[in-house]
There are 2 protein chains.
Amino acid sequence: MSEPDWIPASVRAAGTERALVAGETLFRQGAQTAGLYQVVHGKVRLARFDRAGREAVLHTASDGETIAEASLFSPTYHCEAIATTDATVRLYPKALVMAELQHNPSAANAFMAMLARQIMTLRTSIEQRNIRSACDRVRHYLAVNLAEDRRTVPLAGSLKDLAASLGLTHEALYRTLAQMQSSGEIERSEREIRVLKAI
Amino acid sequence: MSEPDWIPASVRAAGTERALVAGETLFRQGAQTAGLYQVVHGKVRLARFDRAGREAVLHTASDGETIAEASLFSPTYHCEAIATTDATVRLYPKALVMAELQHNPSAANAFMAMLARQIMTLRTSIEQRNIRSACDRVRHYLAVNLAEDRRTVPLAGSLKDLAASLGLTHEALYRTLAQMQSSGEIERSEREIRVLKAI
DNA sequence: CGGCGTTTTGAGAGAGCTCAACATCGGTGG
DNA sequence: CCACCGATGTTGAGCTCTCTCAAAACGCCG
């Protein structure tokens with residue numbers, strides 16, 4: 001989604017890599033911002049924790065995506081970044097990125113477009129979490145994440161992770177998927193869900 | 001929140017105003033994007049409607065705020081804009097705004113910062129909608145919207161509108177507020193809520 | 001005064017959460 | 001090779017909480 005095509009070679013060269021093991025925290029809410037991170041490979045999720053200890057998954061970034069873009073304009077991070085799988089990330093220093101955006105209009109334009117896309121994606125997430133019914137929430141997820149064949153939805157990680165992304169308990173997701181499968185609405189295989197009825 | 005301090009006078013002068021009555025739709029999801037809107041006065045909310053007809057309020061813009069910024073980078077609007085109160089909006093043509101962002105680095109910078117702020121606000125909304133308990137959701141809202149005195153939260157519109165913004169039914173909100181008041185957690189007056197216990 | 005929208009309160013039902021038990025599978029170490 | 005362990009996947013039962021449907025008080029405005 002957020003291919004960092006706008007990062008020029010000069011900035012790219014200044015990036016420093018770091019390896020993360022699954023479960024490791026990259027940065028915490030409130031910590032000083034270091035710069036812009038790009039996920040080289042693996043999955044890193046952005047999340048917040050509420051008083052009750054519940055984790056709200058805000059986004060999961062995969063290979064090539066950048067995270068913490070908004071933090072370029074903030075002195076501290078406003079959410080937690082946690083490796084969902086083993087992962088490698090690359091850090092681009094804040095000052096360097098900001099200077100590039102300041103002096104390179106086309107980079108700035110691409111960056112703005114990327115922020116705009118993120119805003120749209122986030123609004124879709126809000127729409128999704130506004131749906132109470134687990135079944136309709138799953139349907140919404142399927143509709144939004146349909147592959148180009150308009151019939152299948154790839155499953156990137158575990159169902160448990162998906163449940164967290166959907167804001168459901170994993171039990172509720174399991175049950176809902178089982179029900180949708182037995183009613184003939186979907187078919188499931190190892191790495192994808194096939195949608196049989198129009199959504 | 002989104003004071004359009006980055007809109008230069010030249011663009012400002014090219015704006016065209018339009019009056020809206022409460023309930024009127026400014027633009028619909030899927031419609032061609034005309035440009036950037038600024039709410040001169042009144043309240044305009046961005047929302048989406050799901051299959052069940054439920055409205056998910058994504059944002060409510062007040063005096064001075066801009067809406068549809070992300071749509072500058074999209075051919076169509078991705079949500080509905082509806083006047084919550086009688087309102088006046090000003091439209092800045094897309095091409096003019098884009099040209100300004102292209103040639104004026106400081107305007108581009110301010111615009112990027114505004115988009116970044118919006119991303120953070122949207123993430124806070126997702127965090128909020130991830131909270132199931134009506135009481136905790138209200139507490140979260142109060143904590144996020146505390147005035148500078150750290151004790152009061154202003155009530156801009158009706159409680160019914162607030163309920164929609166919180167993603168709760170109005171009945172649930174009324175009940176929750178009544179309960180929080182009777183337990184001594186808050187005090188209510190016409191235009192604000194006073195928080196008595198630390199959140 | 002009548003009408004309309006907001007604010008309240010009541011009662012019932014449905015749905016997801018919580019707690020719990022168990023199956024499955026891959027990896028580890030004896 | 002097998003036992004063990006942890007994480008994921010699955011299913012069951014009960015409970016809580018919000019939603020839904022209803023009804024009524026209240027305030028505002030023509």
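So that the names make sense, note that chain A is the first sequence line, chain B the second, and so on, each numbered from 1.
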Separation of atom CG in A:Leu168 from atom P in C:dT18, rounded to whole Å | 12 Å
Please report, rounded to the nearest Å, how far the C1' atom of D:dT18 is from the CG atom of B:Leu166.
-> 14 Å
Are A:Thr124 and B:Arg48 close enough that a side-chain donor and a side-chain acceptor fall under 3.5 Å?
-> yes
For B:Arg188, report the nucleic acid contact type (base, sugar-phosphate, nothing); a contact means any heavy atom under 4.0 Å.
-> sugar-phosphate
Distance-only polar pair, side chains of B:His59 and B:Gln118, donor-acceptor under 3.5 Å | no
Among D:dT18, D:dC19, C:dG16, which nucleotide sits nearest the side chain of A:Ala172?
-> C:dG16
Integer-rounded Å distance: C:dT7 C1' and B:Arg191 CZ = 13 Å
Would you say C:dT8 has OP1 or OP2 under 4.0 Å from some side-chain N or O of B:Tyr174?
-> no
Do A:Arg90 and A:Tyr92 get their side chains close enough for a donor-acceptor pair, meaning under 3.5 Å?
-> yes
NE2 of B:His170 versus C1' of D:dC19: gap in Å, rounded?
-> 11 Å
Heavy-atom nearest nucleotide on DNA chain D taken for B:Arg54 and for A:Leu159; more 5' hit belongs to A:Leu159
Among D:dC19, C:dT18, D:dT10, the one nearest A:Arg175 by side-chain distance = C:dT18
For the pair made of CG in A:Asp136 and C1' in C:dA15, what is the distance, rounded to whole Å?
-> 12 Å
Specify the separation, in whole Å, of atom CD of A:Gln181 and atom C1' of D:dT11.
-> 15 Å
Across the strands shown, which category fits A:Arg132 at heavy-atom distances under 4.0 angstrom: base, sugar-phosphate, nothing?
-> sugar-phosphate
Under-4.0 Å side-chain N/O to phosphate OP1/OP2 contact, B:Thr169 with D:dT18 = no
In terms of hydrophobic clustering (I, L, V, M, F, W, Y; side-chain heavy atoms under 4.5 Å; direct or indirect links), are B:Met120 and A:Leu46 co-clustered?
-> no
Counting heavy atoms from C-beta on, name the nucleotide in C:dT7, D:dT18, D:dT11 closest to the side chain of A:Ala178.
-> D:dT11
Taking the inter-plane angle between the rings of A:Tyr77 and A:Tyr37 on a 0 to 90° scale, is it parallel (under 30°), tilted (30 to 60°) or perpendicular (over 60°)?
-> tilted
B:Glu171 side chain: which of C:dG16, C:dT9, D:dC19 is closest?
-> C:dT9
Can you tell me the distance, in whole Å, between the CG atom of A:Asp86 and the P atom of C:dG27?
-> 13 Å
Hey, does B:Arg137 reach any base, or is it just sugar-phosphate, or nothing, if we go heavy atoms under 4.0 Å?
-> nothing
Find the distance B:Leu173:CG to D:dT20:C1' and express it as a whole number of Å.
-> 17 Å
